[in-house]
Amino acid sequence: MTQAVILISGRGSNMQAIVEARTSLAIRAVIANRPDAAGLPWAAARGLATRCVDHRSFDSREAFDATLANAIDAHSPDYVLLAGFMRILTPEFVGRFAGRLVNIHPSLLPAFPGLHTHRRAIEAGVKLHGATVHFVTAELDHGPIIAQAAVPVLDSDTEDTLAARVLAQEHRLYPMVAGWLAAGKVTVGRDGRVRSPANSFATDALIAPREGS
Ligand code: GRF
């Protein structure tokens with residue numbers, strides 16, 4: 001059975017969506033870098049192994065990443081899913097889990113890597129925004145794209161309303177990819193592009209229609 005460890009920093013709603021979707025990807029543990037991450041008690045209450053590796057108790061990024069990597073490897077996962085994990089990872093960490101490290105980012109990459117994606121999307125005047133699930137590489141928010149979900153940006157949107165519309169799609173997108181990973185359906189070609197069921201999947205299921213239409 002394909003196994004995964006999920007890393008979170010806060011509420012962990014994407015983690016919850018993956019767990020509740022009950023795909024055939026076995027979630028072995030949920031690890032947070034903050035002791036107050038609300039997702040930790042949620043996961044523990046569902047019988048999942050949980051652990052906190054508090055980044056503030058380490059002198060360097062390298063030391064934190066090494067301890068985090070060991071905590072992950074204790075579960076020997078096939079995949080490590082970053083779900084709202086708000087730490088920049090060292091190249092050593094990314095290399096150790098190369099091809100097995102997956103992230104969800106709240107924009108249609110390569111647009112808007114980094115923070116404050118919803119505000120930047122509104123300021124840029126884009127008409128479509130969304131979320132991307134991708135493999136993690138050393139360059140922040142630039143790895144091979146596995147799947148994306150698009151939503152409209154409305155004239156009336158605020159950062160919060162747009163974030164909520166995107167988040168609803170994140171909660172569909174990440175469990176879908178988790179199922180693909182479990183089924184061994186995600187591969188990266190020599191050209192660095194991901195081969196996934198997305199192209200044969202009903203792609204329109206990933207484009208959220210405007211509410212009320
Ligand atoms: C999500 O929008 C995720 O894409 C971003 O941070 C948010 C985390 O939400 N990186 P949650 O912790 O999964 O609820």
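Order of appearance sets the numbers: ligands from 1, and atoms from 1 within every ligand. Here the structure is a predicted model, which is why all the values come from computation and not from measurement. Only heavy atoms go into these numbers, but all of them, side chains included; no hydrogens, no water, no symmetry mates. The chain is numbered in sequence order, starting from 1.
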Please write down residue, atom name and distance for the protein heavy atom closest to [atom].
{"atom": "atom 6 (O) of ligand 1", "answer": "G84 CA, 4.0 Å"}
{"atom": "atom 4 (O) of ligand 1", "answer": "E170 OE1, 2.7 Å"}
{"atom": "atom 7 (C) of ligand 1", "answer": "R11 NH2, 4.1 Å"}
{"atom": "atom 12 (O) of ligand 1", "answer": "G12 N, 3.0 Å"}

Check: N14 N/O within less than 3.5 Å of ligand 1 N/O: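 There is such a contact, yes.
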From CA spacing to verdict: side chain to side chain contact (heavy atoms under 4.5 Å, CB included), N33, F64: CA-CA 9 Å; N33 66 305; F64 166 72; 3.8 Å; yes
Inter- and intrachain pairs under salt bridge (Lys or Arg N to Asp or Glu O under 4.0 Å), touching residues 26-37, at least two apart: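 Listed by first then second residue: R34-D36.
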Pairs where residues 79-92 contributes a residue and the test side chain to side chain donor-acceptor pair (under 3.5 Å) is met, not counting sequence neighbours: D65-T90
N/O donor-acceptor pair under 3.5 Å between H142 side chain and L140 backbone: yes
Between T117 and H105, a side-chain donor and acceptor under 3.5 Å: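 T117 vs H105: no donor-acceptor pair found between side chains.
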Atoms of ligand 1 close to I104 [distance to a heavy atom under 4.0 angstrom, numbered from 1]: 4 (O), 10 (N)
